Amino acid sequence: MGANDLLAEIDQIGRTSGGGYTRLAWDDSTMQLREWFASQTAALGLELTEDGNGNQIAWWGHGPDALLIGSHLDSVPEGGPLDGPLGVVSALDAVGQLKQSGWTPTRPLAVVNFTDEEGGRFGVACLGSRLATGAIAPETALALRDEAGNTLGEVLRTRGHKPTAAGPADWLSHIGHYVELHVEQGRWLAPHEAPLGVATAIWPHGRYRFDFCGQGNHAGATAMADRHDPMLTYAATVLAAREVAAADDQRATVGRVVVNPGSTNSIPSSVTAWLDARAESEASLESLVSKIIASAEAAADQEGTSLSVRAESTTGAVEFDPALRNRLAGLLDAPVLPTGAGHDAGILAAKVPTAMLFVRNPTGVSHAPSESATDTDIDAGVAAMVKVIEDLG
Ligand code: GLV
Ligand code: MN
Ligand code: MN
């Protein structure tokens, strides 16, 4: 089945009333997607395995030095249809076409559905690949909590998985290369009139939790001069994040905030906000975050509130394997470009030569319902994956 048809098959899974997709790790929608992945890979005659972290890997052949392709099926809350699924359906379509043509690989080929790439439920991105590669300790990951207070360990158990099986995965030692196809995030390919690109690097990035504490009090009875309002410190921090990042063409986003107690006629007692920060180098990321924290501390002093900051996850700079990148750029006659988005490919790059292909996104919008690619470009992405597999496989 073609990639566009495969996308149509899962179009209603995790669909929200806002027209987007909320497919969080281990929720009903991703459970349904896991079953769908299992049935698609079975239909292709692949042998499905699953590691202790919930990553699904479907094999065409056995042995060392396998070529891994695929991506993830989870999304951010209210995300788009392609971030993740495009890489999975392109891999399935490419394998189907190759099987139909009678081509046989000279090395094993595996299609992966990585679990919880977005970190939309437990706060840490690329949890499945981090666990599999040993980039996060299983006890740290299993203790992460979702918004309802459930730990990953508890959720795994509810879904019939043994938390004790989480951790570094043996199957990775059989992988020789990983190539992940992904929808472009940002708008570079359209003005360069290129349907496809090859990634050079991923910017270093991190997620930081800011807890602002103040004094809850009455909205009418507390004079303005007597307040210790954490909402003010929070607001000053958001403004500082924008200003500092904009000054150096870096990225700083506060996309999630929780206000306690969340009452219209009360001064909040505390505000928790999450900063997502990204920059071209590790030094510039550190400087960006330090400047934002310094502004937050100054604002807290002025308001008489307190502040604590904790990095929930950080990922260093990733430079994709230059030889593989140049080989694929030459093979596909595609331009190379860096990305500000994070990917499982960035985690795997520390273990095996890894590359990423981007499919043109006409609007450049991602992590939102209007994320898109044309049917023609999606087919071009699949054709590129076929070429890549024939070349490397
Ligand atoms: C994932 O897409 C991220 O960049 O956070
Ligand atoms: Mn994403
Ligand atoms: Mn993705």
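None of the values given here were measured: they were computed from a predicted structure. Atoms within each ligand, like the ligands themselves, are counted from 1 in listed order. Note: hydrogens, waters and symmetry copies are ignored here, and every other heavy atom, side chains too, is used.
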* Main-chain N/O of Ser270 paired with Tyr234 side-chain donor or acceptor, under 3.5 Å ->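 Pair absent, no side-chain N/O of Tyr234 close to backbone of Ser270.
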* To do: For the pair Asn55 (side chain) and Gly128 (backbone), establish whether a donor and an acceptor sit closer than 3.5 Å, ignoring hydrogens and angles.
  =>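 Flag set: sc Asn55 to bb Gly128 pair under 3.5 Å.
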* Any N or O of Glu118 closer than 3.5 Å to N or O of ligand 1 ->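 Yes, at least one N or O pair falls under 3.5 Å.
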* Could you tell me whether some N/O pair between Gly342 and ligand 1 is separated by less than 3.5 angstrom? =>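 Between Gly342 and ligand 1, an N or O pair is found under 3.5 Å apart.
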* **Protein residue, atom and distance nearest to atom 5 (O) of ligand 1, heavy-atom basis** =>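 Going by distance alone, atom 5 (O) of ligand 1 is nearest to Arg278 NH2, 2.8 Å.
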* To do: Please state whether the rings of His343 and His182 are parallel, tilted or perpendicular, taking 30° and 60° as the class boundaries.
  =>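 Rings of His343 and His182: perpendicular, as their planes differ by over 60°.
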* Asked: Side-chain donor-acceptor pair under 3.5 Å between Asn265 and Ser263, yes or no?
  ->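 The answer is yes; a qualifying pair exists.
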* Donor-acceptor pair between Glu312 and Trp274 side chains, under 3.5 angstrom ->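 On atom types as modelled, these side chains qualify, holding a pair under 3.5 Å.
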* Is the distance from the Mn ion (ligand 2) to the nearest N/O/S atom of His343 under 2.8 Å? ->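 So His343 does not count as coordinating the Mn ion (ligand 2).
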* **Glu118 near the Mn ion (ligand 2) via N/O/S, less than 2.8 Å** =>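 Yes - counting backbone and side chain alike, Glu118 has an N, O or S atom under 2.8 Å.
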* Judged by non-hydrogen atoms, does His367 sit under 4.0 Å from ligand 1? ->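 Within the 4.0 Å threshold, so yes.
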* ligand 1 contact by His343, heavy-atom criterion under 4.0 angstrom ->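 Outside the 4.0 Å threshold, so no.
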* Got an N, O or S from His72 under 2.8 Å of the Mn ion (ligand 3)? ->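 Yes.
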* Could you confirm whether Asp83 has any N/O/S atom lying under 2.8 Å from the Mn ion (ligand 3)? =>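 An N, O or S atom of Asp83 is closer than 2.8 Å to the Mn ion (ligand 3), so yes.
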* Identify whether Val95 and Leu7 are in the same connected component of the hydrophobic contact network (ILVMFWY, side-chain heavy atoms under 4.5 Å). =>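 Linked, Val95 and Leu7 end up in one cluster.
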* Asked: Got more than 12 heavy atoms from elsewhere within 6.0 Å of CD, Glu78?
  ->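 Yes, CD of Glu78 has more than 12 neighbouring heavy atoms, counting only those of other groups under 6.0 Å.
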* Using a strict cut-off of 4.0 Å, indicate which atoms of ligand 1 neighbour a heavy atom of Ala341. =>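 Every atom of ligand 1 under 4.0 Å from some heavy atom of Ala341: 4 (O).
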